[in-house]
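In what follows, a structure is listed as structure tokens, so that the remarks can point back to it.
These figures come from a predicted structure and were not determined experimentally. Note on naming: letters A, B, ... go to the chains in the order of the sequence lines (proteins, then strands), and numbering restarts at 1 for each one.
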Protein chains: 2
Amino acid sequence: MLAKELQLSVATISKAIRDSHEISDKTKLRVNALVEKLNYVPNPYASSLRRRNSKTIGVVIPEVTDSFFAQAINGIESVAQEKGYHVLIYLTHESFEKEKMILKDFESGRVDGVLLSVTRETTQISHIEELMRMGVPLAFFDRVLEEIETTKIITNDYESAYLATKHLIKKGCKKILFLSFSNILCISSKRLSGYKNALLDHGIKVNDSDIITFSNESKTDYLLLKKKLKSPPRADGILASVEKLAITVYQACADLRINIPGDVQVISFSNLDSASFLNPPLTTISQPAFEIGKAAAAVLVKALGRKKFELQNEEITIPSAMVVRKSTRG
Amino acid sequence: MLAKELQLSVATISKAIRDSHEISDKTKLRVNALVEKLNYVPNPYASSLRRRNSKTIGVVIPEVTDSFFAQAINGIESVAQEKGYHVLIYLTHESFEKEKMILKDFESGRVDGVLLSVTRETTQISHIEELMRMGVPLAFFDRVLEEIETTKIITNDYESAYLATKHLIKKGCKKILFLSFSNILCISSKRLSGYKNALLDHGIKVNDSDIITFSNESKTDYLLLKKKLKSPPRADGILASVEKLAITVYQACADLRINIPGDVQVISFSNLDSASFLNPPLTTISQPAFEIGKAAAAVLVKALGRKKFELQNEEITIPSAMVVRKSTRG
DNA sequence: TTGAAAGCGCTAACAG
DNA sequence: CTGTTAGCGCTTTCAA
């Protein structure tokens with residue numbers, strides 16, 4: 001902030017640029033003119049250092065090549081842009097170690113607040129508690145940790161899974177497989193309970209071998225699924241709790257010449273735009289990803305605007321919708 | 001950097017933490033122990049201010065809910081994480097005004113370097129030139145501006161479009177539609193030339209009304225496409241230069257009861273994982289999105305490591321691959 | 001309404 | 001090998 005010394009003090013310039021009420025209109029005008037002319041843009045790091053905030057939020061997610069998270073980022077970015085916040089993105093690729101390192105870095109004050117969707121491996125919570133203890137507000141979205149007291153933006157996982165399972169039952173399924181990647185994630189277990197309770201409520205016994213947990217190692221997973229699909233008594237319904245698994249199912253069925261929905265009906269949690277053009281069109285539970293991202297960012301930014309950064313210990317639930325297509329059909 | 005004063009000067013601590021060679025091993029050990037104990041993390045903004053760099057790169061893209069860009073971010077992030085860089089993401093949503101504002105902000109020194117894929121509206125180049133003039137290195141990926149002298153990471157758009165068109169011709173197509181969103185984007189015009197030259201080389205006259213430019217206003221676009229598909233002489237081949245348009249084509253064909261590939265064969269530029277499960281499976285030109293992101297970040301980070309940030313004026317081309325599926329078939 | 005001075009937390013340059 | 005000093009560019013008192 002040098003060249004401007006032509007006329008005024010740095011303090012005045014600083015205030016004028018931020019449109020402080022204690023500066024006269026004439027000087028503001030003069031300053032703005034010079035700012036324009038010299039193409040001056042204040043150094044955000046000097047400002048951050050002094051003000052102890054960065055106008056930046058950190059977003060930590062497992063993947064970005066997943067339509068749910070991509071749409072969520074979109075939502076987050078839309079409110080960040082509107083409110084003048086910058087968005088730092090970090091991908092954990094489901095590694096708990098990475099998650100820990102990233103949150104540790106946040107203790108530096110790099111970000112004013114954090115939006116987190118945990119990895120499939122995350123069971124400990126100390127790294128998160130530590131960060132929050134240091135005064136960095138953190139909200140969860142989608143993949144939350146219930147033990148931690150903060151705001152959580154989620155969808156109605158239990159109800160959706162219940163609904164999906166009921167739908168399969170209504171369409172005549174007797175033996176329904178439940179596919180997931182993790183039994184750790186709270187979101188998975190909610191979906192699992194929804195599945196189980198729907199079965200029980202309709203007088204179907206829950207069979208543990210129908211609940212399949214994959215490793216996310218494509219080849220192994222593929223083989224495992226094929227084995228399950230072949231072994232009698234044959235399943236006639238599948239609820240995939242993850243989009244990626246629906247694709248695996250389609251692949252395996254094509255391979256084994258199992259007809260969807262003739263032999264087996266399929267429904268999946270998914271946000272794929274192209275779900276309706278799959279062969280056959282996939283019945284989905286589609287999550288309001290954009291809205292979840294938006295709500296998460298809004299809550300965080302709002303908290304950041306207050307003196308005491310307080311994130312209520314509450315769950316904000318934005319419901320998913322079931323979209324029935326041809327992969328399920330009596 | 002306070003509590004440590006128990007024993008040493010701030011300068012020593014600073015050097016020890018950064019593992020400077022001019023500090024003895026014993027003190028490093030002592031310092032690290034205390035760092036551990038007090039959970040100390042250096043303030044990045046103070047460091048940025050002093051060192052005049054931020055270890056941060058800015059990524060500016062039109063959308064994130066697009067499998068190409070999502071994969072590209074993935075590639076960018078992978079090298080950033082490896083090299084200790086942070087990634088700020090900005091979405092333009094195809095708005096030139098936003099692009100300008102974002103790059104203007106970068107003049108503040110917020111980022112050490114920029115990776116840019118321009119909007120469909122971008123025709124001016126002054127905002128980019130200005131940023132570069134200020135010493136901020138910028139590399140393009142995918143949607144590049146040829147007029148600007150810097151490194152550009154692209155795929156072989158011309159050749160791919162040529163190949164795709166040739167493929168349709170070989171499969172018997174006589175009247176091939178070319179669908180795109182913009183005639184401004186260099187990448188689009190390259191694809192268009194590939195298409196045109198393939199036609200010419202095979203003795204087919206280029207028909208201007210077969211080249212359709214959409215507005216990205218879903219309803220209008222959909223109607224326009226349907227009109228084109230119905231109007232005789234009927235097209236028997238389609239090359240969609242954008243993934244999203246392939247989905248529109250599938251929709252319109254389903255609606256009009258036009259059979260793919262029986263009535264019309266379809267090929268599209270696309271990175272959809274689910275392309276093979278569409279009905280029918282979509283023949284694609286699939287771009288090496290992850291690699292493009294990775295290469296772009298690598299080039300930028302490498303330049304950032306040098307005294308004089310120099311980005312060669314060169315094009316790095318990573319070829320796309322045609323994956324033939326059932327949407328094209330003689 | 002403006003300005004002088006102090007200092008955010010770090011690091012580079014230079015002494016010792 | 002360790003310490004001293006002087007800022008990086010901004011914002012915040014507080015005084016004028």
When the axes are fitted on five pairs at both termini, how much does the helix from dT1(C)-dA16(D) to dG16(C)-dC1(D) curve, in 10° steps?
30°

Quick one: which of dT2(C), dA4(C), dG9(C) gets closest to the side chain of A11(A)?
dA4(C)

Residues N313(B) and K152(B): side-chain donor-acceptor under 3.5 angstrom
yes

For dC10(D), does either OP1 or OP2 sit under 4.0 Å from a side-chain N or O belonging to Y40(A)?
yes

note: I17(A), atom CD1; dT11(D), atom P; distance rounded to Å ~ 8 Å

Give a yes/no answer on whether the side chain of R18(A) brings an N or O atom under 4.0 Å of OP1 or OP2 in dT12(D).
yes

Is the phosphate of dT11(D) approached by S47(A) (side-chain N or O, under 4.0 Å from OP1 or OP2)?
yes

For the pair made of CG in L38(A) and P in dG9(D), what is the distance, rounded to whole Å?
15 Å

Quick check on DNA chain D: between E22(A) and E22(B), whose nearest nucleotide comes earlier from the 5' end?
E22(B)

Any chance the side chains of T122(A) and T119(A) put a donor and an acceptor closer than 3.5 Å?
yes

Would you say a side-chain N or O of R51(B) is under 4.0 Å from OP1 or OP2 of dA12(C)?
yes

Separation of atom NZ in K15(A) from atom P in dT1(C), rounded to whole Å:
12 Å

Does OP1 or OP2 of dT1(C) have a side-chain N or O of S24(A) closer than 4.0 Å?
no

Going from CG on L91(A) to CD1 on I102(A), what distance comes out if it is rounded to the nearest 0.5 angstrom?
7.5 Å

For DNA chain D, whose closest nucleotide is more 5', that of T12(B) or that of L49(B)?
T12(B)

If I compare all heavy atoms of E77(A) with all of I89(B), which pair ends up nearest, and what's the gap?
OE2-O, 3.9 Å

Nearest of dT2(C), dC8(C), dT2(D) to any side-chain atom of L8(A)?
dT2(C)

When rounded to whole Å, the CG to P distance for the pair N53(A) and dT11(D) reads 10 Å

Rounded to the nearest 0.5 Å, the CG atom of L34(B) sits from the CG atom of L29(B) at a distance of 12.5 Å

Would one find a side-chain N or O of S9(B) under 4.0 angstrom from OP1 or OP2 of dG3(D)?
yes

Taking only residues at least two apart or on different chains, which pairs with a member in residues 90-108 of chain A satisfy salt bridge (charged side-chain N to carboxylate O under 4.0 Å, His left out)?
E94(A)-R120(A), E94(A)-R143(A), E97(A)-K100(A), K104(A)-E107(A), K104(A)-E130(A), D105(A)-R110(A)

Rounded to whole Å, please give me the gap between CZ in R52(A) and P in dT13(D).
13 Å

Over 60° means perpendicular and under 30° means parallel, so classify the ring planes of F69(B) and F141(B), tilted if in between.
perpendicular

Spacing of Y45(B) atom OH relative to dT11(C) atom C1', expressed in whole Å:
18 Å

Write down the distance between CG (N43(B)) and C1' (dC10(D)), rounded to a whole number of angstrom.
14 Å

Within the structure provided, determine whether T155(A) and F68(A) are in side-chain contact (heavy-atom separation under 4.5 Å).
no

What is the separation between atom NE2 on H21(B) and atom P on dT2(D), rounded to the nearest whole Å?
13 Å

Under 4.0 Å: is that the gap between some side-chain N or O of T27(A) and OP1 or OP2 of dT2(C)?
yes

Looking at every strand, decide which applies to P44(B) at a 4.0 Å heavy-atom threshold: base, sugar-phosphate, or nothing.
nothing

